[in-house]
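Take a look at the structure below.
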Amino acid sequence: MSTSRPIPRSQLGALVRELPKAEVHLHLEGCIPSPVWLAAAERHGMTCPLPLVDGRPEITSLQALLDHLDWACSLVDRAEDLRAIALATSQHLDRSGALHADVIFNPTHWPHWRERAAEMVGELSAGFDEAERAGGATVNLCWSLNRRQSEAEANDVVDWLLAERAERVVGLSIDGNEAAGSNNERFAGAFRRAADAGLRRCAHAGESSGPGGVWEAIELLGAERIDHGVRCVEEPALVRELARRRIPLDVCPTSNVVLGVAESIAAHPVEALRRAGVRVSVNTDDPELYGIELAGEYEACAAEFRWGARQLGEVARTSIEASFASEDRKAAMLERLESFLEATIGGT
Ligand code: ADE
Ligand code: ZN
């Protein structure tokens with residue numbers, strides 16, 4: 001049993017970068033490097049509807065973010081750009097010492113590819129293959145429904161997933177804005193079919209929905225992990241249930257601050273939830289839009305909440321255990337994590 005003393009600030013940056021971990025809440029759409037969509041916009045003779053700050057669109061709400069994704073992804077019509085986006089996503093992971101990611105992609109953002117999903121997945125896979133061959137993180141994909149889709153559309157997606165059984169696409173997800181309704185009843189059947197067929201399931205909830213959205217994600221969608229989920233903190237009975245059932249929350253601290261879900265990192269509920277026994281991982285959500293790195297999110301939490309070796313190890317362990325990587329891959333990553341903790345900070 002080691003110390004859980006805070007890590008000195010001078011050592012923290014390097015340590016969190018090297019800490020073996022997985023990223024389980026990361027949108028492909030939020031990993032598009034600005035130069036890729038800016039060049040595509042120029043080709044199409046368009047300019048970004050939002051003001052740019054440091055080369056990034058100024059995003060201040062979830063709806064503005066989703067609208068920007070619709071706009072930026074609609075410009076991407078070349079296979080080579082999909083490969084470049086996959087490579088950029090892998091580089092994002094490698095910069096922060098992430099060994100694996102479950103990357104969410106939502107074809108409703110991509111009009112050029114929506115009816116050509118096999119081609120889209122093929123191009124992305126080729127990019128991830130290249131990065132993996134060069135020693136990069138392993139990457140799975142989760143096809144995400146948009147909450148505005150119909151029940152029939154959701155079932156069509158599951159039909160596609162079951163017919164194609166694309167190697168990399170291991171799960172079904174749902175994202176978007178719940179402000180106009182979560183509509184979980186509408187998606188329950190599709191999620192049940194996905195579960196019956198052995199697909200993994202995660203769902204955005206407890207970001208633009210309150211505790212009710214989290215309950216529904218668990219009970220109606222059978223979500224194995226909750227993307228965000230942090231507004232569960234508003235209902236103590238739900239917090240206890242998440243802890244009791246060991247359902248992990250895929251938390252994105254900076255995203256929550258930028259989109260107004262939390263006032264600041266200091267006021268973010270991740271620490272209260274962790275202390276209440278809820279399994280939490282730390283993630284970036286849409287790193288290119290926020291100009292953040294995964295290691296930076298770990299560093300910000302560790303500095304703010306005085307996380308030491310024990311807490312950092314626990315969050316990294318949750319990220320790996322919660323991932324949809326194969327059992328063999330998880331075992332290998334966990335072994336690397338334990339060796340790292342033992343060697344670097346004396347075990348947990
Ligand atoms: N799609 C991309 N980022 C998202 C977020 N933070 N919430 C819901 N849907 C998203
Ligand atoms: Zn998200």
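Owing to the predicted nature of the structure, the values given are computational and were not obtained by experimental measurement. One-based numbering, in listed order, for ligands and for the atoms of each. Residue indices begin at 1 and follow the sequence shown.
Using a 4.0 Å cut-off between charged nitrogen and carboxylate oxygen, Arg83 and Glu80 do not count as a salt-bridge pair. Using a 4.0 Å cut-off between a side-chain N of Lys or Arg and a carboxylate O of Asp or Glu, Glu153 and Arg114 qualify as a salt bridge. Note on Arg274 versus Glu314: salt bridge recorded, some NZ/NE/NH1/NH2 to OD/OE distance being below 4.0 Å. With respect to the salt-bridge test (charged N to carboxylate O, under 4.0 angstrom), the residues Arg200 and Glu224 qualify. Under 4.0 Å is where a charged nitrogen must lie from a carboxylate oxygen, and between Asp129 and Arg168 at least one such pair does. Taking the charged nitrogens against the carboxylate oxygens, Arg317 and Glu321 have no contact shorter than 4.0 Å, which rules out a salt bridge.
Among the atoms of His228, no N, O or S atom falls under 2.8 Å of the Zn ion (ligand 2). The Zn ion (ligand 2) does not have Cys252 among its coordinating residues (no N/O/S atom, backbone or side chain, under 2.8 Å).
For Asp286, a nitrogen or oxygen atom sits less than 3.5 Å from a nitrogen or oxygen atom of ligand 1, counting backbone and side chain alike.
For Leu69, the closest heavy-atom approach to ligand 1 falls below 4.0 Å. Using a non-hydrogen distance threshold of 4.0 Å, Gly30 does not register as a contact of ligand 1. The closest approach between Leu66 and ligand 1 falls below 4.0 Å for a heavy atom of the residue.
Side-chain N or O atoms of Asn283 include one that pairs as donor or acceptor with a backbone N or O of Val24 at under 3.5 Å.
Looking at Asp285, its N, O or S atom nearest to the Zn ion (ligand 2) turns out to be OD1.
Interface atoms of ligand 1 facing His228, defined by a heavy-atom separation under 4.0 Å, are 6 (N). Residue contact check: Asp285 has heavy atoms under 4.0 Å from atoms 3 (N), 5 (C), 6 (N) of ligand 1. Listed by number with element, the atoms of ligand 1 under 4.0 Å from a non-hydrogen atom of Leu65 are 2 (C), 3 (N).
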| task | Decide side chain to side chain contact (heavy atoms under 4.5 Å, CB included) for Leu19 and Leu337; before the verdict, give the C-alpha distance in whole Å, the side-chain angles of both, and the deciding distance to 0.1 Å. | result | CA-CA 7 Å; Leu19 180 72; Leu337 172 63; 3.8 Å; yes
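When hydrogens are left out, the protein atom nearest atom 9 (N) of ligand 1 is Gly176 N, 3.1 Å; that is the closest non-hydrogen contact. Remark: minimum distance from atom 7 (N) of ligand 1 to any protein heavy atom is reached at Glu207 OE1, 2.7 Å. With respect to atom 4 (C) of ligand 1, the closest heavy atom belonging to the protein is His27 NE2, 3.6 Å.
Residues Asp285 and His25 bring a donor and an acceptor atom of their side chains to less than 3.5 Å of each other. A donor atom on one side chain and an acceptor atom on the other are found under 3.5 Å apart for Asn256 and His268.
Note: angle at the Zn ion (ligand 2), from NE2 of His204 to NE2 of His27, is 100° (rounded to 10 degrees).
Contacts of Asn106 with ligand 1, taken as heavy-atom pairs under 4.0 Å, are absent altogether.
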